[in-house]
Amino acid sequence: MKRIAIAALLASLFLGTALAGAEEACDTAEIQADIQAQLDLLDENPVSALINVIDLALAGFHDCSGEVYEFSDREGAQPVLGPLALSEGLHIVTMTTAGSARIDGVAIKGCGKELDGVIHNFSSGQAIRGAASLVEVLDDCIVYLELSKLTNPWILTIDKLN
């Protein structure tokens, strides 16, 4: 029963990763084969197999995620966006709105201090043409963004600098 639950969880993670936006580096067939190979070893060494499945899933999440994210007020009034996979390097986080907003990052793994805390905090009218922050991601990471103090429609983009 545990094996079926784990397989279902991993299948949903894999499907979400595949639908998140494939790049050329994203080889879903290889990811699926590697995860299946670990699931086949689950009975022999469950802890090692599960750790390897998690590592493979996280690597696939980074490989298959796009380098550009865009969100808007369609996400809801006070949304939590994520998980977002960001690769090592510099990213520009831009919020455009006529109202006020606050964006807090919650780094799950390896993001660095710039994505773990306040990214934007501005009053009404300050981001009519967009408010941008340059953030450095120290290592491939997973982050959630908590948005609050939203008073008008908004657009949030995250672009990686090449």
Side-chain angles (χ1 to χ4, degrees), residues 6 8-28 30-32 34-35 50-162:
I6 292 169
L9 175 66
L10 293 173
S12 66
L13 176 64
F14 176 73
L15 180 59
T17 301
L19 295 175
E23 288 185 352
E24 293 169 22
C26 178
D27 185 354
T28 56
E30 182 180 344
I31 295 169
Q32 186 175 15
D34 291 345
I35 289 176
L50 289 173
I51 289 171
N52 290 334
V53 166
I54 291 169
D55 290 341
L56 289 166
L58 286 174
F61 190 61
H62 284 287
D63 291 345
C64 296
S65 291
E67 291 295 330
V68 177
Y69 291 99
E70 183 173 318
F71 304 96
S72 70
D73 56 346
R74 292 185 311 256
E75 311 300 328
Q78 305 277 84
V80 174
L81 307 175
L84 307 174
L86 298 177
S87 58
E88 180 180 355
L90 297 172
H91 298 261
I92 297 176
V93 179
T94 305
M95 170 71 87
T96 304
T97 183
S100 61
R102 179 182 170 114
I103 303 170
D104 290 289
V106 179
I108 303 302
K109 175 186 169 193
C111 293
K113 66 181 181 179
E114 291 182 10
L115 280 175
D116 202 11
V118 178
I119 298 171
H120 280 300
N121 189 15
F122 48 83
S123 301
S124 185
Q126 290 182 318
I128 290 173
R129 291 187 181 97
S133 289
L134 181 66
V135 295
E136 182 178 13
V137 177
L138 299 178
D139 195 9
D140 290 349
C141 75
I142 307 290
V143 66
Y144 285 85
L145 299 179
E146 298 175 343
L147 280 61
S148 59
K149 298 183 182 179
L150 299 167
T151 58
N152 283 70
W154 52 273
I155 297 173
L156 175 72
T157 58
I158 303 171
D159 295 300
K160 182 172 185 201
L161 296 178
N162 293 328

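Numbers here are sequence positions counted from 1. Excluded from the calculations below are hydrogen atoms, water molecules and symmetry mates; all remaining heavy atoms, backbone and side chain alike, are included. Please read these numbers as outputs of a predicted model, since none were measured by experiment.
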Quiz item: What is the distance from atom OG of Ser100 to atom CG of Asn152, rounded to the nearest 0.5 Å?
Solution: 7.5 Å
Quiz item: Glu114 versus Val93: any side-chain heavy-atom pair under 4.5 Å?
Solution: no
Quiz item: For the residue pair Thr94 and Ala132, what are the closest heavy atoms and their distance?
Solution: OG1-CB, 3.7 Å
Quiz item: Nearest 0.5 Å, what's the CD1-CD distance between Ile119 and Glu146?
Solution: 10.0 Å
Practice problem: Mind listing the closest non-hydrogen atom pair of Asp159 and Thr157 along with its distance? | Solution: OD2-OG1, 3.9 Å
Quiz prompt | Aromatic ring pairing Phe71/Tyr69, orientation class (parallel under 30°, perpendicular over 60°, tilted between) | solution = parallel
Quiz prompt | Test log, rule side chain to side chain contact (heavy atoms under 4.5 Å, CB included), inputs Leu145 and Leu156 | solution = CA-CA 11 Å; Leu145 299 179; Leu156 175 72; 3.9 Å; yes
Exercise. List the steps, then state whether side chain to side chain contact (heavy atoms under 4.5 Å, CB included) holds for Met95 with Leu147.
Key: CA-CA 11 Å; Met95 170 71 87; Leu147 280 61; 3.9 Å; yes
Exercise. Could you grab the distance from atom OG1 of Thr96 to atom CH2 of Trp154, nearest 0.5 Å is fine?
Key: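 One finds 11.0 Å between OG1 of Thr96 and CH2 of Trp154.
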Quiz prompt | Nearest heavy atoms of Ser124 and Ala98, plus distance in Å | solution = OG-O, 3.2 Å
Exercise. Ignoring hydrogens and angles, tell me if any N or O in the side chain of His120 forms a donor-acceptor pair with the backbone of Ala131 under 3.5 Å.
Key: yes
Quiz item: CG/Asn121 to CG/Asp104 distance, rounded to the nearest 0.5 angstrom?
Solution: 8.0 Å
Quiz item: Measuring from Asp140:CG to Ile142:CD1, what's the distance to the nearest 0.5 Å?
Solution: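 The distance works out to 8.5 Å.
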Practice problem: For residues Leu115 and Val143, report the shortest heavy-atom separation together with the two atoms involved. | Solution: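 Scanning both residues, the minimum pair turns out to be O-CG2, 3.9 Å.
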Self-check item: Donor-acceptor pair, side chain of Lys149 and main chain of Ile103, under 3.5 angstrom
Solution: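 Such a contact is absent between Lys149 side chain and Ile103 backbone.
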Quiz item: Can you list the steps and then say if Val106 with Val80 is a side chain to side chain contact (heavy atoms under 4.5 Å, CB included)?
Solution: CA-CA 10 Å; Val106 179; Val80 174; over 6 Å; no
Practice problem: Could you check Asp73 against Leu150 for side chain to side chain contact (heavy atoms under 4.5 Å, CB included), going step by step and ending with a plain yes or no? | Solution: CA-CA 9 Å; Asp73 56 346; Leu150 299 167; over 6 Å; no
Self-check item: Distance (rounded to the nearest 0.5 Å) between Glu136 CD and Leu161 CG
Solution: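 Here the interatomic distance stands at 11.0 Å.
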Exercise. For Gly99 and Phe122, work out which heavy atoms get closest and say how close.
Key: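 Heavy-atom minimum between the residues: O-CE1, 3.8 Å.
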Practice problem: Answer yes or no: is there a side-chain heavy-atom contact under 4.5 Å between Cys111 and Val135? | Solution: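 Not in contact.
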Practice problem: Kindly give the heavy-atom pair with the smallest separation between Lys160 and Gly89, and that separation in Å. | Solution: CE-CA, 4.4 Å
